[in-house]
Amino acid sequence: MMTAQQDFSPAMQQRIDRLLKDADRLFSLGGVREHCQKALLLSHENMLPSPFSDWGALHSNDSEYLFAWHLTMSYRSTADEIIQWVNGSMSEFLFSEVREERDRRIEEFARMKIASRWYQMKDDDVAWRVFSRNIPFNQSGRVGEVNEFFGQIDRISILTDILTGHAKEYGLEVDFTELQQETPEGQDSADLVERLKAIFYNNDENVRLFLKEITGMQPNDITDLVNRWVQEKRISDYGSSRKGDLWKILHEAKLYPRTIQNWNRRVQ
């Protein structure tokens with residue numbers, strides 16, 4: 001399901017861009033889960049059975065314990081949903097669809113208030129402990145928000161695992177590691193020009209000029225340039241040329257980090 005079209009504040013868009021740019025690292029959570037599991041085991045190490053003890057109260061104000069418990073227990077809670085969705089796609093379209101779905105989920109996640117500092121997450125035993133203080137575990141009116149937060153984390157982390165070579169952990173026979181390596185930042189310019197030139201009326205010179213101009217540009221400036229070049233008849237407005245086709249190539253080349261929904265909101 002597509003998200004409703006809307007414009008975000010500069011601060012919100014910056015938050016979304018920050019997560020999208022570093023998504024593979026921020027949402028590859030195997031190491032974080034391992035740290036959380038060790039913390040849970042350690043917290044129970046010296047506990048003894050006691051039929052009248054309120055075990056829940058022992059950790060009710062311990063944000064680190066509660067974060068570790070939620071992250072551990074919610075892992076794979078959305079796996080069936082993701083696997084069914086993946087299995088419903090033809091293989092030749094799957095890589096781009098998984099990336100687009102992850103981008104969409106990250107955009108939704110970034111809009112959650114308690115996710116505002118997720119960009120600080122690291123694969124160590126410190127960052128998750130600090131981040132846990134941002135979660136309103138003891139606010140009864142926000143239980144649904146907390147559960148949705150961990151549900152989205154699970155969805156995005158599974159999609160990230162699939163993209164980064166761990167699909168078999170979920171019973172999926174796909175491997176996108178080579179495709180991930182084929183679209184690094186600064187990919188071969190000749191290949192990029194070849195992919196783009198049909199959108200630029202087969203004018204190689206204009207393609208190179210466009211790529212030079214957008215280097216280092218902010219995403220909104222890129223879409224403004226696209227609109228101007230469409231008006232000047234330097235970018236084709238035929239079919240999906242300036243919409244999905246151009247976005248896909250620039251996004252895969254890591255020249256435009258935002259989602260296709262954001263692109264289509266701004267490109268006329």
Side-chain angles (χ1 to χ4, degrees), residues 15 18-49 55-86 98-99 101-103 105-106 108-110 112-138 143 145-181:
R15 185 190 300 178
R18 190 182 291 173
L19 295 180
L20 289 172
K21 184 178 181 180
D22 207 12
D24 285 354
R25 181 186 67 82
L26 290 170
F27 296 100
S28 291
L29 298 181
V32 176
R33 280 194 299 269
E34 184 175 356
H35 288 305
C36 287
Q37 290 165 4
K38 288 179 179 178
L40 290 174
L41 290 172
L42 185 62
S43 70
H44 292 147
E45 188 176 40
N46 297 317
M47 293 182 68
L48 297 173
W55 280 34
L58 292 175
H59 300 286
S60 61
N61 294 311
D62 185 344
S63 63
E64 293 179 12
Y65 176 90
L66 293 170
F67 180 92
W69 188 89
H70 277 79
L71 189 72
T72 300
M73 301 307 293
S74 64
Y75 177 47
R76 292 183 182 246
S77 62
T78 65
D80 289 347
E81 167 193 334
I82 299 296
I83 291 167
Q84 182 178 10
W85 177 81
V86 168
V98 172
R99 286 189 59 165
E101 178 66 7
R102 184 180 70 168
D103 288 352
R105 292 290 184 179
I106 288 174
E108 292 178 350
F109 176 76
M112 302 177 74
K113 184 177 180 180
I114 57 179
S116 63
R117 288 174 168 162
W118 189 260
Y119 72 93
Q120 300 177 12
M121 186 58 64
K122 295 180 181 178
D123 188 10
D124 60 25
D125 198 30
V126 177
W128 72 268
R129 296 179 185 273
V130 175
F131 182 85
S132 71
R133 301 165 196 164
N134 293 281
I135 311 254
F137 289 113
N138 292 319
V143 172
E145 182 183 356
V146 170
N147 289 338
E148 178 58 21
F149 169 83
F150 283 101
Q152 283 288 61
I153 284 286
D154 193 56
R155 292 182 185 94
I156 298 168
S157 69
I158 292 174
L159 290 167
T160 300
D161 287 343
I162 292 170
L163 286 170
T164 55
H166 301 287
K168 288 186 178 180
E169 299 294 333
Y170 304 95
L172 296 169
E173 295 298 324
V174 296
D175 186 354
F176 295 137
T177 51
E178 289 187 7
L179 290 175
Q180 288 280 69
Q181 293 166 2

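- Residues P136 and I114 meet the side-chain proximity criterion, which asks for heavy atoms closer than 4.5 Å.
- Taken from SG in C36 to CG in D125, the straight-line distance is 8.0 Å, to the nearest 0.5 Å.
- Closest of all the heavy-atom pairs between A39 and R129 is CB-NH2, 3.9 Å.
- Separation of atoms CG (N134) and OG (S116) is listed at 6.0 Å; rounding is to 0.5 Å.
- With contacts defined as side-chain heavy-atom distances shorter than 4.5 Å, the pair E145/E148 does not qualify.
- For the atom pair I135 CD1 and R133 CZ, the distance stands at 12.5 Å (nearest 0.5 Å).
- For the pair W118 (side chain) and L26 (backbone), a donor-acceptor distance under 3.5 Å is present.
- Side chain of D103 to main chain of L20: no donor-acceptor pair is present (N/O by atom type, distance under 3.5 Å, no hydrogens or angles).
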Self-check item: Test side chain to side chain donor-acceptor pair (under 3.5 Å) applied to T78 and D154, step by step
Solution: CA-CA 6 Å; T78 65; D154 193 56; 2.7 Å; yes
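- When every heavy atom of A68 is checked against every heavy atom of T72, the shortest pair comes out as O-OG1, 2.8 Å.
- One N or O on the side chain of R15 and one on the backbone of A110 form a donor-acceptor pair closer than 3.5 Å.
- Taking the side chain as every heavy atom from C-beta outward, N61 and F137 never approach each other to under 4.5 Å.
- Interatomic distance, CG of L40 versus NE2 of H35, reported as 13.5 Å (0.5 Å rounding).
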Exercise. Report the C-alpha distance between I153 and F27 in whole Å, list the side-chain angles of each, state the deciding distance to 0.1 Å, and finish with yes or no for side-chain contact (heavy atoms from CB on, under 4.5 Å).
Key: CA-CA 8 Å; I153 284 286; F27 296 100; 4.2 Å; yes
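- Ring to ring, H70 and F149 are not that close: their centroids are 6.0 angstrom or more apart.
- Nearest heavy-atom pair, A57 versus S60, reported as atom, atom and distance to 0.1 Å: O-OG, 3.2 Å.
- Heavy-atom contacts from other residues, nucleotides or ligands closer than 6.0 Å to CZ of R117 number 12 or fewer.
- The distance from the CG atom of D62 to the CZ atom of F67 is 13.0 Å, given to the nearest 0.5 Å.
- For the residue pair G165 and D175, the shortest heavy atom distance occurs at CA-OD1, 4.3 Å.
- Between atom CD of residue E169 and atom CG of residue D161 there is a gap of 8.0 Å, rounded to the nearest 0.5 Å.
- Contact of the Y170 side chain with the I82 side chain is not registered, since no non-hydrogen atoms from C-beta on lie closer than 4.5 Å.
- With contacts defined as side-chain heavy-atom distances shorter than 4.5 Å, the pair R33/S157 qualifies.
- Evaluated for a side-chain contact (heavy atoms from CB on, under 4.5 Å) with R102, the options I162, I158, L159 yield exactly one hit, L159.
- Without hydrogens or angle criteria, R25 side chain to M121 main chain gives a donor-acceptor distance under 3.5 Å.
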